[in-house]
Amino acid sequence: MSATPSSTGSPESSPFTLERGLAAFRAEIDGPVAAFFSSCVHCGVCAQSCPFYLETGDPKYTPILKLEPLRLIWAAEFTLLGRLKGFLGLNKQVTDEMLSEWEELIYDSCSMCGRCSLVCPVGNDIQAMVRKTREGMVASGHAPEGLIGASVRAVQTGSPMGLQWKTLQVQINHIETSTGLTVPVDQAGVDYLVMLSSMEVINFPEYLEAITRIFDHAGVSWTLSTQCFEATNAGIQIGNKDVAALLVQRVVDAAVALGVKNVISPECGHAYTAIRWEGPNLIGRPYPFHAFHIIEVLDQLRAAGRIKTEGMETDRLSLHDPCNLARKSGVIQQQRNLMDLVAENFIELKEHGRFQWCCGAGGGVSSNERAEPLKLAAFKMKKAQIEEVEPERMVTMCATCRTQLEEGLEHFNMDIPVVGLTELIAEHLVEREPAEQAEGAT
């Protein structure tokens, strides 16, 4: 049985057993879960929305089937018929062997993109049920090693990749040298606390430079925090409320310590879901600040006339909407408003916005090396969409999506660069006049 992270960061500190997993499953069963299983008509529409099912053709990847362990416990212990069958010894039991078999279905073949929930004819939120099922899986010791490692590192070091502040400081030094601007750190009372994801720090350092340039251009007061700079929430991905709450609390503590008015989630989809939607429920109280995705903030600045751009991209550009941002959060028009500032040859993918197809890497799939073949299989749906409109470059606003797009396009020999939207906006900023710069510095 796999070791599993605890909120103390010690994989050995708690015994993860089948009994603990079953208790976690039971704790997740509430009115909405009962309504879900009672109302599911087994129509199979959810299967037609799942890239893991469609691109493999394997019926075991049907979204509703992934919930079978949770359904068995609900049916056996929370229904009259199940209790009667239990009295006669007729119920199918959830065992370690079954959970071992289901580990691939719950983690490897589901990015929790929510397209199945969107199309369900009776309104059942299937991806939310997968999230609930992960609570039982992780408590029973049935979670992928990659996600366990990321969760333990997140708790112990603050970063799922084990990054320390000194790594970010090197990047800050480079940005300040190359731009002549100051990257504010631990500035109390400013308007915005900017959070980052480790993937941006390591893979896309141009993101922080873009923010530095845009916020200087727009006259925004902001800061990073040495107390907490990581927005990635491995607890949400693996399905452990205690770890998820601990990681959210770190962000809240940093924001409160600095007295900021707003917290900005980076170009990372699930980090936004964690801090914007799940965070207050996880820690049990509302925030004393507002939480926004960076794209929301940039669009607010655009609407206020504080972002002035020049020149247009002439390449044929298309846009990939991250699931957590577009489908789950309704942030759809904002990125298109920003694209209009800089792109004169923009073409939408056929399915976009709420109905876009997942890249296949979210929900912790990208942290699970074992899932690599399934991740690339699911990407074929996105590949087909891209081939249909033949863009010269793709634009997105999620570090995980961007990495998956780059890796998938390379795997399928498609020479199409991918760029972050924040970075693209920064490339077209109108240079400030010397007098304006001097005034802004005072």
Side-chain angles (χ1 to χ4, degrees), residues 43-57 61-64 109-121 123-128 130 267 269-270 272-273 293 295 315-340 343 345-363 365-366 374-409 411-412 414 416-421 424:
C43 62
V45 172
C46 60
Q48 299 304 316
S49 72
C50 177
F52 292 93
Y53 166 74
L54 291 175
E55 294 298 339
T56 63
Y61 297 128
T62 301
I64 191 67
S109 66
C110 181
S111 60
M112 295 194 293
C113 78
R115 205 171 197 274
C116 52
S117 302
L118 181 69
V119 302
C120 177
N124 283 331
D125 190 347
I126 301 172
Q127 70 87 28
V130 170
E267 280 197 351
H270 95 275
Y272 174 68
T273 298
H293 190 275
I295 295 303
D315 287 354
R316 185 177 172 87
L317 302 181
S318 193
L319 190 71
H320 167 71
D321 288 292
C323 304
N324 280 286
L325 197 63
R327 181 148 49 242
K328 295 184 182 179
S329 305
V331 179
I332 297 171
Q333 187 56 46
Q334 291 89 333
Q335 50 266 40
R336 287 161 176 78
N337 293 338
L338 294 168
M339 287 293 290
D340 287 343
N345 195 8
F346 172 61
I347 179 72
E348 290 275 20
L349 298 179
K350 184 177 180 180
E351 294 94 358
H352 57 268
R354 293 178 66 206
F355 292 93
Q356 60 80 34
W357 286 97
C358 176
C359 69
V365 174
S366 63
L374 276 171
K375 188 181 76 167
L376 287 172
F379 182 76
K380 290 180 183 176
M381 190 64 72
K382 183 57 61 180
K383 168 179 172 286
Q385 279 192 286
I386 294 172
E387 287 176 328
E388 191 173 33
V389 300
E390 299 181 338
E392 293 175 275
R393 282 185 289 165
M394 287 296 297
V395 182
T396 192
M397 63 262 3
C398 168
T400 298
C401 294
R402 183 174 174 181
T403 301
Q404 169 74 339
L405 286 166
E406 289 181 343
E407 292 180 358
L409 291 169
H411 178 80
F412 291 105
M414 297 171 68
I416 302 176
V418 184
V419 63
L421 182 51
L424 191 63

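Quantities reported herein were computed from a predicted structural model and do not represent experimental measurements.
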Worked check of side-chain hydrogen bond (donor to acceptor under 3.5 Å, both in side chains) between Lys328 and Gln127: CA-CA 10 Å; Lys328 295 184 182 179; Gln127 70 87 28; 3.3 Å; yes

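Between Glu392 atom CD and Ile416 atom CD1 the span is 9.5 Å, to the nearest 0.5 Å. Atoms SG and CD, on Cys323 and Gln356 in that order, are 4.0 Å from each other to the nearest 0.5 Å. Remark: Thr273 OG1 to Met112 CE distance equals 9.0 Å, nearest 0.5 Å. Here the CG atom belonging to Leu421 is positioned 8.5 Å from the OG1 atom belonging to Thr396, to the nearest 0.5 angstrom. The line from SG of Cys358 to NE2 of His320 is 6.5 Å long, rounded to the nearest 0.5 Å. Rounding to the nearest 0.5 angstrom, the gap separating the CE atom in Met339 from the CZ atom in Phe346 is 5.0 Å.
Side chain of Lys382 to main chain of Trp357: a donor-acceptor pair is present (N/O by atom type, distance under 3.5 Å, no hydrogens or angles). Between the side chain of Ser111 and the backbone N or O of Ala361 there is no donor-acceptor pair closer than 3.5 Å. Under the 3.5 Å distance criterion, the side-chain polar atoms of Arg354 are left unmatched by any main-chain donor or acceptor of Ile332. No side-chain donor-acceptor contact under 3.5 Å links Glu267 to the backbone of Ala399.
With a 4.5 Å cut-off on side-chain heavy atoms, Glu351 and Met381 do not count as touching. Between Leu317 and Leu424 there is a side-chain heavy-atom pair separated by less than 4.5 Å. Using a 4.5 Å heavy-atom cutoff, the side chains of Asp321 and Arg336 are in contact. The closest side-chain heavy-atom distance from Leu405 to Ile386 is below 4.5 Å. Here the side chains of Ser329 and Val331 are in contact, with some heavy-atom distance below 4.5 Å. The side-chain heavy atoms of Ile295 and Leu338, taken from C-beta on, include a pair separated by under 4.5 Å.
Across all their heavy atoms, Ser366 and Thr400 have their closest contact at OG-CG2, 3.8 Å. When all heavy atoms are compared, the tightest approach of Cys116 to Ile126 is SG-CB, 3.6 Å. Ile347 and Ser318 make their closest contact through O-OG, 2.7 Å (heavy atoms, listed as atom of the first residue, atom of the second, distance). The two atoms that bring Ala47 and Pro63 nearest to each other are CA-CD, 3.7 Å, heavy atoms only. Of all non-hydrogen atoms in Lys350 and Gln385, the two that sit nearest each other are N-NE2, 4.4 Å. Nearest heavy-atom pair, Cys46 versus Thr62, reported as atom, atom and distance to 0.1 Å: SG-CG2, 4.3 Å.
In this structure, the ring pair (Phe, Tyr, Trp, His ring centres under 6.0 Å) partners of His293, at least two apart in sequence or on a different chain, are Tyr272.
Among His411, Gln404, Glu55, the one residue that satisfies the side-chain contact (heavy atoms from CB on, under 4.5 Å) test with Phe379 is Gln404.
A salt bridge links Glu407 with Lys375: the closest approach of a Lys/Arg side-chain nitrogen to an acidic carboxylate oxygen falls below 4.0 angstrom.
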